[in-house]
Amino acid sequence: MSIAVFVSLLAPLFYTEEYESLHLVRFIDQVLLIAFGVYFYVRLVITTKRVQFLKSRWPEGIAATLALIFGIELMVVEDVYILQLLNQIGLTGAEQTLLIIIQIYLVFLVAVKTIQVIPDILAKNINPARLVLLSFFSVIMVGMLLLMLPASTTDGMGLDFIDALFMATSAVCVTGLIVVDTATHLTMFGQGVILVLIQLGGIGVVTFATFLAMYLSGGFSLSERNVLKETISGEEVNTISKTMKRIVILTFTVEFVGFIAFYFSWASAIPDTGERLWFSLFHTVSAFCNAGFSVFTNSLADPMNATFLPINITTMVLVIIGGLGFTTVWESINRITGNSKRKQFSIHSIIVFRMTAFLIVTGALLVLLIEWNGVLADYTFGDKLLLSTFQSVTSRTAGFNTLDTGALSAGATMIVVMLMVIGASPSSTAGGLKTTTIYVLYKSVVANVIGSDRVEVTNRTVPNAVVLRAITAVFLAIVVMIIGLILLTIFEEFTFIDILFEQVSAFMTVGLSRGITGDLSDPGKLVIICSMFAGRVGMLTVAVAFAHKITSRNYKYPEESVMVA
């Protein structure tokens, strides 16, 4: 019955004309009504506690009885159906209302049963890295299939395989690179698919699913929480459940505030209430998740938004909060509200704050100076400062733009590339090598130069394991980016700086482009797709997923020096 519901709901999306699917949907609905009624009464007959069953399920019993009556009537009386297009599928009045209720009930039932399976999956002690890879891959595949439906595009043809895969990957990996215009080529259904994929990719598929499973399965055992621990780095086993709740609650709270800000900011620019609600919701989720998707053709570079202060401020605040990381944001909230037990911020948060402030200010000043007489030449000083600051903020994985990225000079382009490479912070919705990784490597270089045998930050010693992890992450990222860059130079004929920009933007899940994304060949698109996926889940996660871990060894070989410089 649940499968029948999904077929009934999705069937119209496979047809360009609604009447083509009418007969199929009508037949499915007839069978569904009768089956739902039979299903209830069969369970009533086979149970030994019929009175208790009826008392606990009397609403379902009423619905099942009516469904059985209406279903049989519709089977017998052919003329009950009045063929109407658009808002009717052949049912009238009470029958249609009852059918909708049953469909919602069955869809909810499937969702609950699916989520309740999660603890069983975790109990099998699946490799956490493989769990992350599988979750992202599964959502991408579902998103791709939905974007291939005729209902997803304005031309009623649906996206072809490679474009649908590209758009779904870009959305789930919160990148923002597009091969078709989200604003004009996708219908509201298609844009809705993109929106859901962004939200799942931003929070983390595993995080969101396990958050729901906690309430539907009664929590997780110690072994299950141990698996989840590996998907949320830096968390202790006994705090996993609390952390999951915080991530989801914080996400929706910040997005709600951002939604209100966008809604009132566009009050005069978008007078239609429904359209403004949709634009506000879409851009809020896209900004907080650092996705960079927009339902404006030119992102935010059009005259209505480029220098409009409320829109710029709202977008930048959402991007920065999303890029700080859930751990840092929650720690900040606790200190502001006085709930923190620590006398000072953790070393992680201190690094995040230092790097975020340094990169925003430095990036803005460099873009401002380099482009003062370039793309910023025709703007006032206030607008120049606003545009350069926005560019600095968004370049670290957000993907929105208020300037024509393709018009930037070579110097400003390289500044943007460096910002994209560094990215945002761990446990955030953003990508990049991460601010803490770069900072730890910087401090390790300083320690090596001055002759220190350890890395120290604010009177704390950084474990060598963390330094090795940072080195590994950077090394793997450089290798993958170089391989992707070589392949793109083989498949494409664009200038090297455009290809370099595209590859870095994809792997660091930024979404900025110098205008070549839509003109990439199919092999080039596949390279970018793989880069986006690897960049979002992290090359370290990919490596761990397929590596054979060695057990702890109780011996150590003799040391011997190697010349490295």
Side-chain angles (χ1 to χ4, degrees), residues 170 173-178 182 198 202 254 258 261-262 265 282-302 305-324 355-368 370-371 375-376 379 383-408 412-425 428-435 501-502 504-515 517 532 535:
S170 183
C173 298
V174 290
T175 304
L177 291 174
I178 56 174
T182 311
I198 290 172
V254 174
F262 271 126
S265 298
F282 192 97
H283 287 89
T284 297
V285 174
S286 184
F288 179 75
C289 293
N290 280 227
F293 277 88
S294 175
V295 284
F296 292 106
T297 297
N298 296 321
S299 186
L300 299 179
D302 57 282
N305 297 307
T307 57
F308 188 37
L309 189 60
I311 294 300
N312 276 257
I313 295 297
T314 301
T315 305
M316 286 191 288
V317 169
L318 287 171
V319 168
I320 292 171
I321 293 176
L324 285 176
M355 288 294 289
T356 300
F358 172 77
L359 291 172
I360 291 175
V361 174
T362 305
L365 289 177
L366 289 175
V367 172
L368 180 65
I370 295 173
E371 295 296 339
V375 294
L376 297 175
Y379 293 96
D383 287 345
K384 287 181 179 179
L385 188 61
L386 179 64
L387 290 166
S388 58
T389 302
F390 188 94
Q391 197 66 39
S392 177
V393 170
T394 193
S395 294
R396 290 177 45 244
T397 80
F400 290 103
N401 62 288
T402 52
L403 289 172
D404 182 2
T405 310
L408 294 175
T413 300
M414 291 310 299
I415 296 299
V416 172
V417 169
M418 291 302 298
L419 291 173
M420 291 194 298
V421 169
I422 296 172
S425 305
S428 71
T429 59
L433 291 177
K434 301 295 187 290
T435 54
F501 195 94
E502 196 80 8
V504 173
S505 179
F507 185 77
M508 299 304 171
T509 68
V510 180
L512 292 175
S513 175
R514 288 175 62 83
T517 311
M532 290 189 292

Keeping [X] on the side-chain end and [Y] on the backbone end, is there a donor-acceptor pair under 3.5 Å?
X      : Y      : value
Thr402 : Gln391 : no
Ser286 : Phe293 : yes
Ser392 : Ile360 : yes
Asn312 : Ala306 : yes
Thr175 : Val510 : no
Thr394 : Phe390 : no

Minimum heavy-atom separation for [X] to [Y], with atom names?
X      : Y      : answer
Ala364 : Thr389 : CB-CA, 3.8 Å
Val367 : Leu376 : O-CD1, 4.1 Å
Met420 : Ser395 : CG-O, 3.0 Å
Leu408 : Ala412 : CB-CB, 4.2 Å
Arg514 : Glu502 : N-OE1, 4.3 Å
Gly323 : Ala424 : O-CB, 3.3 Å

- All side chain to side chain contact (heavy atoms under 4.5 Å, CB included) counterparts of Ser299, not counting sequence neighbours: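 Ser294, Phe400, Asn401.
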
Look up atom [atom1] in [X] and atom [atom2] in [Y], then write down how far apart they are to the nearest 0.5 Å.
X      : Y      : atom1 : atom2 : value
Leu419 : Met508 : CG    : CE    : 12.0 Å
Asn305 : Asn298 : CG    : CG    : 10.0 Å
Leu318 : Met316 : CG    : CE    : 11.0 Å
Leu386 : Leu368 : CG    : CG    : 11.5 Å
Leu385 : Tyr379 : CG    : OH    : 14.0 Å
Phe308 : Leu300 : CZ    : CG    : 12.0 Å

- Message: Using the side chain to side chain donor-acceptor pair (under 3.5 Å) criterion, which residues pair with Ser388? Sequence neighbours excluded.
- Response: none

- Kindly write out the residues that satisfy ring-ring contact (aromatic ring centres under 6.0 Å, His included) with Phe296, not counting sequence neighbours, or none if the list is empty. Trp266, Phe279, His283

- Show your working on side-chain hydrogen bond (donor to acceptor under 3.5 Å, both in side chains) between Thr435 and Ser425 and close with a plain yes or no. CA-CA 5 Å; Thr435 54; Ser425 305; 2.9 Å; yes

- Could you walk me through whether Thr356 and Leu324 pass the side chain to side chain contact (heavy atoms under 4.5 Å, CB included) test, one step at a time? CA-CA 8 Å; Thr356 300; Leu324 285 176; 3.7 Å; yes

